[in-house]
Amino acid sequence: MPGKLKVKIVAGRHLPVMDRASDLTDAFVEVKFGNTTFKTDVYPKSLNPQWNSEWFKFEVDDEDLQDEPLQITVLDHDTYSANDAIGKVYIDIDPLLYSEAATVISGWFPIYDTIHGIRGEINVVVKVDLFNDLNRFRQSSCGVKFFCTTSIPKCYRAVVIHGFVEELVVNEDPEYQWIDRIRTPRASNEARQRLISLMSGELQRKIGLKVLEMRGNAVVGYLQCFDLEGESGLVVRAIGTVCTLDKISNTAFLPACNSPSKEMKEIPFNEDPNPNTHSSGPSTPLKNQTYSFSPSKSYSRQSSSSDTDLSLTPKTGMGSGSAGKEGGPFKALLRQQTQTALEQREGSPHRFCRRREFPFFTLTAFPPGFLVHVGGVVSARSVKLLDRIHNPAFVGIMGNTRSYKLLDWNSFNSDEPETRDAWWAEIRQEIKSHAKALGCHAVVGYSESTSICEEVCILSASGTAAVLNPRFLQDGTMEGCLEQRLSWQPGFFSIGSEKGEVDFFPQNQDSSSLLGLEETSPPGCGFCHIPYDELNMPFPAHLIYCYNCRKQKVPDVLFTTIDLPAEAMVIGKGCLIQARLCRLKKKAQAEANATSISNLLPFMEYEVHTQLMNKLKLKGMNALFGLRIQITVGENMLMGLASATGVYLTALPTPGGIQIAGKTPNDGAYEQHVSHMQKKINDTIAKNKELYEINPPEIPEEIIGSPFPEPRQRSRLLRSQSESSDEVMELDLSHGKKDAFVLEIDDTDAMEDVHSLLTDVPPPPGFYSCNTEIMPGINNWTSDIQMFTSVRVSRLSNINLTNQTLNKNFNDLCENLLKSLYFKLRSMIPCCLCHVNFTVALPEDEVIQVTVTAVAITFDKHQALQTSRVPVEKTLQRASTDNEEQLQFPLELCSDPLVSQPFSPAKEVLENASSHTGVPAAQRAASLDKASPLAEGHLRHRSVPSCTNSTVSVVKMTPLSFIPGAKITKYLGIINMFFIRETTSLREEGGVSGFLHAFIAEVFAMVRAHVAALGGNAVVSYIMKQCVFMENPNKNQAQCLINVSGDAVIVVRESELEMVPVQPSTAVSQPASAGDVTT
Amino acid sequence: MTNDLDIFVGNTTLIDEEVYQLWLDGYSVSDAVSLRLRSGILEQTGATVDVLQSDTMDHYRTFHMLERLLHTPSKLIHQLHFQIPPSRQAMLIERYYAFDEAFVREVLGKKLSKGTKKDLDDVSSKTGITLKSCRRQFDNFKRVFKVVEEMRGSLVENIQQHFLLSDRLARDYAAIVFFANSRFETGKKKLQFLTFEDFAYCAEQMIQNWTLGAVDSNVDDMDVDLDKEFLQELKELKVLIADKDLLDLHKSLVCTSLRGKISVYNEMEANFKNLSRALVNMASKLIHTKDVRDFFIDLVEKFIEPCKSDKWTLNDVRLFLTQYTTSAHTLDAFRHQALWDRYMSTIKSCLLKMYHD
């Protein structure tokens, strides 16, 4: 009995009228946890009942505490008939189980009913007393912290980053059980909500156990997803990165100590990480850490490993499985070059018994120095046929009496080859081998997704192959790397190493110390340097000496799934780049369907990639970050949507233009048309360069030291350029054009492509957009933020659909949606849409649903211009006169010493800036502003009106990992909520738009209420993972399922932090700041 | 390709004040779109009509959902469904409860009943205000009336507390409630020159001086009803016109002090008895509900119109009323000084406010 859960029901308000006669309600509350239920007294005839109940106490196992949600039901008492339910509140008590998170949940929760929506509010207080019980064989994993944030959380430092963790749980979907035919929609929805809550609780607990096994104490970048497989069941799966985190002490209210976290987050660490400069303070969590080696490197999984049955040989006897193999777009190319080697090394099954065979990281941003080199995007897809998930006799095995038996696939079905686990393991294996082919030992920015239509399911995984600095990765994934490093032989290329776990590239051979890594790969461009062997390249890429350091080779274009590293040197601003594509497919059943999808996939990948490349060139940029390619399967079509943020990296060569080549050169009119098009394209490129302020310094060729090889533009996205595809060959020919990317207009299709290139309208003036966390080139964010979700469902009207019209429709849908967003948010100009996240669904034939979630952040235009336009020569001057500049801002002057005295980050950057003459001005100026508290000081003057007078506290939400102009002082726990809403009076609720609008607003409200009850005031890394909308207008019905998650945090505005008097000098700034706080 | 569903939901509810006004004014979505088009918004933003249409729909949906909460503004403040900064909440409430001058002049003093509501289409066609907007305004009046009707204490404060309105708007509503309760006639043709502001001012004066709350806020009565006891006592003032000597004395006192000061001396002297009779008769009859209703008509017919026909200036009226009121104090035979002041100060304020073209 290791825990006591205590619940008190205080009051209700704004309850609905349940008794028509009296216009009042006789409300009482049922509090249920596990199988125990308590009831309050009936509070008669009131819409604002004051129950003020006693403390209801539940004595429970901590395992149950983790799995079960607290269920609060508000009912209307009826003497003569059955009591009517008003609504429910589910409270996840998980945040109360970590010592550092929330201690009490207390506040107003919306009472939610799946048919009527929010019906009043209830005030609840929840506490947990945990008893330490260390000797037990632990099934629970209380105390492991979970973060959705895909970087090291702000007030923590990473002692060790252990590596990948994954788990999945399967159950029958209550919606498809026989009982669903006789129960009410409400009962069915509630059963589903409760089951999913239970399953995600269990999943999180199991992940937690794995974390403890790996000697970690936290999961960062935790991504949990539901696969609603319909008849075949319900899968809840999660991936994450196990870390050992250490809380940076006293972060909360001491500005001096707070700066380290700020520094970690914001200073581009292009300074030489000399330990001496940092060792004085907690800002260097990553140096001198004690290496905690895991005593048992080869312990086995508690539940029998699901990955034991892996091999690259396609399994026989499962049509979809082999189809999936072909669907993996990388196969062809990879096989050619590396498969033999891989199979030799990985063929032996014992490899897979090892614990951490997947060196994957769900993180997208990293501590300084962690990321050494980036190879490129790796991705894998597989088409599978869903079969009914077999439920073996498991009743009783779990040994308890829950109302829903949870089935752990791993435990019960490990001998069954056709499991979801095996599917994923297969895909992960593929990803791993792709990374290896790129000379990389790890995959970062890793994510997994599915698209399901009827019984066909596309599993996708993608990430960025990378070489990581081993000093962060003790005992885990990288152990081999350490060993290898010790036994290194010059000239030894590790692709074929016996160890097989890690591949180090030869450049690091001469680095005798760990720190040496940074010396050989200069900051700011090191990550661009190729990790693979130039002579043994996995694909025909084109390499040039780095434009920044001129020591190492870089590719001409770089695609990644991660955020732009803080130290990256960038010119100008970035922009959102999207590739959109539709492909019709015949309706088919089962295996035929899976096969046709598998056949289409490589072509889609190819075209998506070509589109991305063309658009990138059109923008005059040379790198993509945050690349996310979503392939959605529908009854009669496939949709591809790729989003990424394009930037101009100074280390990479200037992209060549786009050259159009006609097929029939003798036709005069045709030639004219082509040249007209060419001119248009050239104009667009020039315009874009101006728009995004891309003005790289002209570098005379002689300085470069090594001759420029012929630039031939080739993709870095490793994809299946299947040899059989004529299209591929055609486009790959560069026709000897030196500098340009050649587009051949040989038919109308190609013409369409060129046209569509030019139809993308740039955002209106004052707007920028990106799908990464921060926009390169903008650094002076204000605290004015607006997170939003926008949904559009479009019905394709014409019956004779062709790929062209489909493409155009889809393109228009996305473009119009963006235009609409720009219009709606026009009052926030100058503003940037950050973390723009598009998801596409095909709920029915000829129906496309696009959902966008993003955050709009206003920035200070004046400053933006100032920093981005400082010419190179002036930078040093600016740097040296930085102190004088501060005089212009007397207010900031007072706060500056506070932060800069202990660590003087500004000064460090200054020194660094001057030591790197190659650093572009914009970036350096930007880094200055980021490093010094100066820039952020400005934010104080731009505070949004705070709502201190209102009883409802404001909760900010953002998909980013931070709140601009504020510091995160505490993480309160993960928010992971699943809601179903259904209506049988669709027209009365304002049609589909009215229904969904209200529901999404309700979801936001419930998230905010839970965060507020935890004592938080913001949600970071918020994500709407699922929004499944179904309608039946004929029956006047609609149903929607939404799954959201994020991290509940406490943020303190920077102005408030600075208010704390630490030094006498702050006294000057106090009145000003204080005035600000109270506004 | 048609958009079946098109929504935008912000964590902070996005509110466009312009669209809100169009919605309040009762325009349909398509009318609102064309009105927005005319404002040149497309040229400023480079958007398309589709975008404008979708944006307008979105806002209308939001307002429709908010309307339920706006009916009880305290709910809007405490609800969790929509996150709206307090300044915006205040704006939403204030604008929702704002009313059109033309509309309020039509409804002021009428019983806020179903019957009146049925006549709103006439009001709508007469004023050019959309029927939807008329209904909202009427429902607002009725809602406020219902809530504060039976409440004790200051009318303005009650309204402010329950509807979270600005001081100014709460005062206006107090006037509307007060007029609706006593059913003052304001719609007659003769009263058309008077604005709502005039009436609101008069209402405030009456609430401050003539209700029971004016004398003692602790008693079991409210600001809404006139002080019956006071109205009863007003009969006593009749002595001023019934007693011939008193009337003559009063006249001579007023004439003496106004000689050379007032520009219409002769007319004043000639009309004094008529004017005095009119004012005192009104006072003595106010105990009858019917006469309360005709209060403003009486003021106009019996005082303002005669003065206007003699071309009194506002200053003349002020001088006369001041002198007329104070002179009564020097009449030894007149004993109802406090009563007289309570009556006359309000009458004077009202008349001065109403004395314009």
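Quick caveat: nothing in here was measured; it's all calculated off a predicted structure. To find a chain, count down the sequence lines: A is the first, B the second, and so on, and within it residues start at 1.
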Handout entry: Working for ring-ring contact (aromatic ring centres under 6.0 Å, His included), residues B/Y173 and B/F145
Key = CA-CA 8 Å; B/Y173 267 92; B/F145 183 85; over 10 Å; no
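- Of the N and O atoms on the side chains of A/T853 and A/T789, at least one donor lies less than 3.5 Å from an acceptor on the other residue.
- Between chain B and the residues A/A1001, A/G991, A/S820, the most heavy-atom pairs under 4.5 angstrom are made by A/A1001.
- Looking at A/V955, the atoms closer than 4.5 Å to chain B (heavy atoms on both sides) sit in the backbone and in the side chain alike.
- By the 30° and 60° cut-offs, the orientation of the rings of B/F103 relative to B/F141 is tilted.
- The minimum heavy-atom distance linking A/P16 with A/L47 is given by the pair O-CD2, 3.6 Å.
- Residue contact with chain B, scored on non-hydrogen atoms closer than 4.5 Å, is absent for A/F995.
- For A/L842 against A/M639, the heavy-atom pair with the smallest separation is CD1-CG, 3.6 Å.
- With a 4.5 Å cut-off on side-chain heavy atoms, A/V1011 and A/N1017 do not count as touching.
- Using modelled atom types and a 3.5 Å distance limit, the side chains of B/N158 and B/R152 yield no donor-acceptor pair.
- With salt bridges taken as basic N to acidic carboxylate O contacts below 4.0 Å, one links B/K117 and B/D139.
- The closest side-chain heavy-atom distance from B/V144 to B/I159 is below 4.5 Å.
- Residue with the most contacts toward chain B among A/E1031, A/K819, A/R826, A/M1006: A/R826 (heavy-atom pairs, distance under 4.5 Å).
- For A/Q849, no part sits under 4.5 Å from any heavy atom of chain B, backbone or side chain.
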Could you list the donor-acceptor pairs under 3.5 angstrom formed by side chains in residues 175-183 of chain B, with sequence neighbours left out?
from, atom 1, to, atom 2, distance (Å)
B/N181, ND2, B/V224, O, 3.2
B/N181, ND2, B/D225, OD1, 2.6

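- Heavy atoms closer than 4.5 Å to chain B are found in the side chain of A/E121, but not in its backbone.
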Exercise for the section: Kindly indicate, with the supporting measurements, whether the criterion ring-ring contact (aromatic ring centres under 6.0 Å, His included) is fulfilled by A/F1004 and B/F82. Expected result: CA-CA 8 Å; A/F1004 286 176; B/F82 301 95; over 10 Å; no
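- Counting heavy atoms from C-beta on, the side chains of A/F810 and A/V840 come closer than 4.5 Å.
- For a residue to count as touching a neighbouring chain, one of its non-hydrogen atoms must lie under 4.5 Å from one of that chain's; by this rule A/L825 touches chain B with the side chain only.
- The existence of a salt bridge linking B/E204 and B/R171 is confirmed by a sub-4.0 Å separation between a basic side-chain nitrogen and an acidic carboxylate oxygen.
- Comparing B/S54, B/G10, B/A47 by heavy-atom pairs within less than 4.5 Å of chain A, the highest count is held by B/G10.
- If you tally non-hydrogen atom pairs under 4.5 Å between each of A/K824, A/M957, A/E1002 and chain B, the highest count goes to A/K824.
- At most 12 non-hydrogen atoms from other residues, nucleotides or ligands lie less than 6.0 angstrom from CZ of B/R135.
- The residue among B/V51, B/L52, B/V9 with the most heavy atom pairs within less than 4.5 Å of chain A is B/V9.
- Taking 4.5 Å as the heavy-atom cut-off, the residues of residues 57-69 of chain B that approach chain A are B/D58, B/H59, B/R61, B/T62, B/M65, ordered by number.
- Residue-level contacts of residues 13-35 of chain B with chain A, in order of numbering, are B/L14, B/D16; threshold 4.5 Å between heavy atoms.
- In terms of non-hydrogen atom pairs under 4.5 Å with chain B, the most contact-rich of A/A998, A/P1033, A/A1009, A/G117 is A/A998.
- Residues meeting the ring-ring contact (aromatic ring centres under 6.0 Å, His included) test with A/Y822, sequence neighbours left out: A/F767.
- The parts of B/D55 that come within reach of chain A are both its backbone and its side chain, each placing non-hydrogen atoms under 4.5 angstrom from that chain.
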